[in-house]
Q: 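Next up is a structure, given as structure tokens.
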Amino acid sequence: MRSFNFFGRLCTAFHDYPSLSKIIIVSTLSSGSLIAYSEANTNNGNRGRVAHADAVASKKKKVVVLGTGWAAMSFLKNLNNSIYEVEVVSPRNFFLFTPLLPSVTCGKVEARSIVEPIRNIIRKKNIDVSYREAECTKIDPANNKIYCRATANTNSKRREEFAIDYDYLIIAVGAQVNTFNTPGVEGNCHFLKEIDDAQKIRRNVIDAFEKASLPNLTEEERKKILHFVVVGGGPTGVEFAAELHDFVNEDVVKLYPMVQNFVKITVLEATDHILNMFDKRITKFAEHKFGRDNIEVKLGSMVTKVTENEICTKAKGSDKTTSMPYGMVLWSTGIGPRPIVKDFMKQIGQGNRRALATDEWLRVEGVGNVYALGDCATINQRKVMEDITEIFKKADADNSGTLTLKEFQDISNDICERYPQMQLYLKSKPVRNIFDRPSQVKGKASKESIELSIEEFKSALSEVDTQLKNLPATAQVANQQGAYLAKCFNRMEECEINPEGPTRIRGTGRHRFRPFRYRHLGQFAPLGGEQTAAQLPGDWVSIGHSSQWLWYSIYASKQVSWRTRALVVSDWIRRFIFGRDTSGI
């Protein structure tokens with residue numbers, strides 16, 4: 001009787017509350033388990049939910065992301081607004097932790113340890129995200145469309161081509177190596193931009209030592225085979241030279257003792273110093289350490305041609321060309337735009353630039369619904385002197401034709417937010433000093449009472465734009481740009497109603513968002529021998545073994561997943577215990 005009453009009440013509950021769609025009751029009885037299942041949706045409820053879902057889907061904005069690098073990954077990880085339908089297009093179906101590429105070249109870290117499948121990243125998102133393994137061949141901004149070609153192998157000889165419409169396009173395709181049209185570079189040099197590049201270098205390094213170990217070779221032939229040349233004294237080139245030196249001194253001496261004395265590493269740098277973007281103390285230490293480690297550094301040496309067997313150089317300020325034999329050359333001198341970006345730049349009138357020009361909100365100039373992030377783009381920061389008249393008018397609240405200190409202070413926060421160079425300028429020259437003009441009439445009581453004319457205001461700020469600096473093409477910049485743009489997309493609707501940006505200098509109202517501001521968190525330069533140079537905010541420089549452990553900690557923490565974090569750390573531990581993997585696989 002009690003069982004009958006229980007099921008009677010249960011049926012009544014389903015009848016009274018049809019919104020309870022699925023209920024599973026597991027009751028353990030003396031004879032086993034009883035499972036009761038009820039589907040309580042009404043037809044009207046189903047139709048209502050389907051109609052609502054269709055309405056929501058029809059309102060979604062289509063966001064197409066080109067690329068799976070730092071900027072794209074950061075955007076995808078931080079985007080959490082369900083009003084967007086996101087489609088990722090890239091020929092590379094994984095994210096690559098590029099700062100550890102030099103470690104892959106000599107077996108310190110395995111290639112698979114620094115890649116994370118893009119589908120592992122997007123499947124964790126609670127928004128509508130899909131991925132297409134394809135290469136974008138053309139961007140059509142007039143029709144909000146991109147054209148793509150599948151990169152996956154198919155049975156047909158012709159690869160599938162298709163088009164994708166978009167409401168917003170985010171270009172984050174990175175950049176390619178810049179050879180500066182130097183003859184022979186494309187066919188004879190190695191690059192270090194992709195995981196395939198690192199694996200190819202690793203195989204060539206191992207093959208070089210195997211070839212040099214063969215009998216019947218002369219000393220000159222062995223020296224040529226084991227001469228490794230690095231073109232470019234930036235962070236990538238310096239770290240590769242340091243990794244190669246460690247490999248020779250820690251592993252080659254054990255595995256290839258017959259040829260260790262024939263190894264030579266040469267770094268060619270066209271400027272006056274290696275690591276010239278670092279503090280001078282780091283530059284000086286790196287050059288001295290390389291000297292002690294017998295890594296030859298040739299400063300002011302420009303490469304003019306690379307043949308199959310020799311590399312030709314010319315000293316700075318000299319017309320004389322010299323050549324030297326080599327076994328392998330790594331070209332690491334700079335970056336340039338990819339073909340798809342070049343074509344797009346021509347379409348929108350930016351054909352003479354080296355990267356896509358964007359405004360301070362990362363929008364491509366001239367195309368309102370296209371954004372560009374990372375190495376493929378550069379922010380074209382507007383100059384203060386271009387808007388100096390409008391700034392003066394905006395600050396002149398009483399329309400007197402002159403500007404007081406208080407009037408300028410009232411708008412200075414908005415000006416500094418809109419023009420970052422103004423903030424840097426005011427650090428060296430406070431606002432009050434701008435109103436300290438020798439042309440002022442004597443007898444004025446204080447700076448608060450001083451009034452500047454438009455010409456005096458222009459003269460006071462004539463040097464403000466000298467503080468303008470282009471952002472470096474680094475993973476750190478791309479990562480911050482992706483996170484910033486995702487935040488903007490997350491708040492797009494809210495900021496349309498309540499703008500949070502600075503006051504518009506030209507026009508009325510406020511900008512929707514605050515402009516992008518890069519926050520430099522520091523940079524590292526591994527120099528080999530478990531020593532690293534670290535330059536952190538606040539002009540703090542650290543060089544030595546302690547900085548190496550800081551490098552380990554930060555690079556482990558910056559991995560995009562626990563899987564890659566565990567793999568990288570285990571690779572480091574394995575190398576400490578067993579040495580580097582020299583299989584060349």
Side-chain angles (χ1 to χ4, degrees), residues 67-74 76-77 90-124 131 133 174 190-207 235-248 250-252 255 330 332 474-476 478-479 482 523-530 532 547-585:
T68 52
W70 279 96
M73 180 276 303
S74 180
L76 293 172
K77 291 194 73 173
S90 174
R92 191 179 73 183
N93 68 350
F94 56 85
F95 165 76
L96 172 65
F97 193 85
T98 50
L100 287 179
L101 275 176
S103 297
V104 176
T105 59
C106 294
K108 186 175 182 178
V109 172
E110 293 300 320
R112 288 189 176 276
S113 300
I114 63 171
V115 299
E116 179 71 14
I118 193 66
R119 293 188 184 275
N120 282 358
I121 297 174
I122 65 176
R123 73 180 175 86
K124 301 173 184 177
Y131 168 72
E133 187 175 321
H190 291 270
F191 307 125
L192 193 52
K193 290 288 289 181
E194 301 290 342
I195 195 67
D196 291 341
D197 298 333
Q199 290 176 309
K200 187 177 179 181
I201 291 173
R202 179 174 174 176
R203 287 192 295 268
N204 276 265
V205 168
I206 300 301
D207 288 346
T236 301
V238 167
E239 185 173 353
F240 171 72
E243 287 284 355
L244 184 59
H245 173 267
D246 285 353
F247 173 65
V248 171
E250 296 173 8
D251 297 277
V252 169
L255 302 174
L330 172 67
S332 178
T474 62
Q476 189 176 163
N479 187 58
Q523 53 189 349
F524 291 94
L527 302 174
E530 293 300 315
T532 290
S547 299
Q548 179 69 37
W549 287 105
L550 180 63
W551 180 88
Y552 282 133
S553 301
I554 290 179
Y555 275 27
S557 67
K558 291 297 182 181
Q559 297 299 314
V560 295
S561 71
W562 280 103
R563 185 190 72 88
T564 56
R565 189 172 294 117
L567 289 173
V568 166
V569 173
S570 64
D571 286 345
W572 288 336
I573 296 173
R574 171 189 53 78
R575 196 269 301 181
F576 273 115
I577 299 174
F578 303 108
R580 293 168 177 81
D581 180 9
T582 58
S583 61
I585 299 176

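Because the structure is predicted, anything quoted here is derived from the model rather than measured.
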Q: Could you tell me which residues satisfy side-chain contact (heavy atoms from CB on, under 4.5 Å) with Val205, sequence neighbours excluded, listed by chain and number?
A: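 Applying side-chain contact (heavy atoms from CB on, under 4.5 Å) to Val205 gives Ile201, Phe209, Phe228, Leu244, Phe247, Met328.
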Q: Who passes side chain to side chain donor-acceptor pair (under 3.5 Å) against Thr68, sequence neighbours left out?
A: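 With neighbours one apart ignored, the set is Ser90.
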Q: Return the set of residues passing ring pair (Phe, Tyr, Trp, His ring centres under 6.0 Å) with Tyr555 (not counting sequence neighbours), or none when no residue passes.
A: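 So Tyr555 forms a ring pair (Phe, Tyr, Trp, His ring centres under 6.0 Å) with Phe97, Trp551.
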Q: For Arg565, what residues pass the salt bridge (Lys or Arg N to Asp or Glu O under 4.0 Å) criterion, not counting sequence neighbours?
A: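 In terms of salt bridge (Lys or Arg N to Asp or Glu O under 4.0 Å), with neighbours along the sequence ignored, Arg565 is linked to no residue.
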Q: Which residues pass the side-chain contact (heavy atoms from CB on, under 4.5 Å) test with Ala478, not counting sequence neighbours?
A: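 With sequence neighbours excluded, Ala478 shows a side-chain contact (heavy atoms from CB on, under 4.5 Å) to Trp70, Ala71, given in chain and number order.
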Q: Would you give me the side-chain donor-acceptor pairs under 3.5 Å for residues 102-109, sequence neighbours excluded?
A:
from	atom 1	to	atom 2	distance (Å)
Ser103	OG	Glu243	OE2	3.4
Thr105	OG1	Pro102	O	2.6

Q: Just jot down the salt bridge (Lys or Arg N to Asp or Glu O under 4.0 Å) partners of Asp251, sequence neighbours excluded, or say none.
A: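 Asp251 satisfies salt bridge (Lys or Arg N to Asp or Glu O under 4.0 Å) with Arg580 only.
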Q: Only counting residues at least two apart or in another chain, list the ones meeting side-chain contact (heavy atoms from CB on, under 4.5 Å) with Ile573.
A: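 Applying side-chain contact (heavy atoms from CB on, under 4.5 Å) to Ile573 gives Val569, Ile577.
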Q: With His190, which residues qualify under side chain to side chain donor-acceptor pair (under 3.5 Å), at least two apart?
A: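 Expected list: none.
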Q: With sequence neighbours left out, write down each residue that passes side-chain contact (heavy atoms from CB on, under 4.5 Å) with Lys193, or none if nothing qualifies.
A: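 Scan of Lys193 (side-chain contact (heavy atoms from CB on, under 4.5 Å), adjacent residues dropped) gives Val177, Asp197, Ile335, Asp375.
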Q: Identify, with sequence neighbours excluded, every residue that meets side chain to side chain donor-acceptor pair (under 3.5 Å) alongside Arg92.
A: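 In terms of side chain to side chain donor-acceptor pair (under 3.5 Å), with neighbours along the sequence ignored, Arg92 is linked to Glu194.
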Q: What residues, two or more places apart in sequence or in another chain, satisfy side chain to side chain donor-acceptor pair (under 3.5 Å) together with Ser561?
A: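 Applying side chain to side chain donor-acceptor pair (under 3.5 Å) to Ser561 gives Glu116, Thr564.
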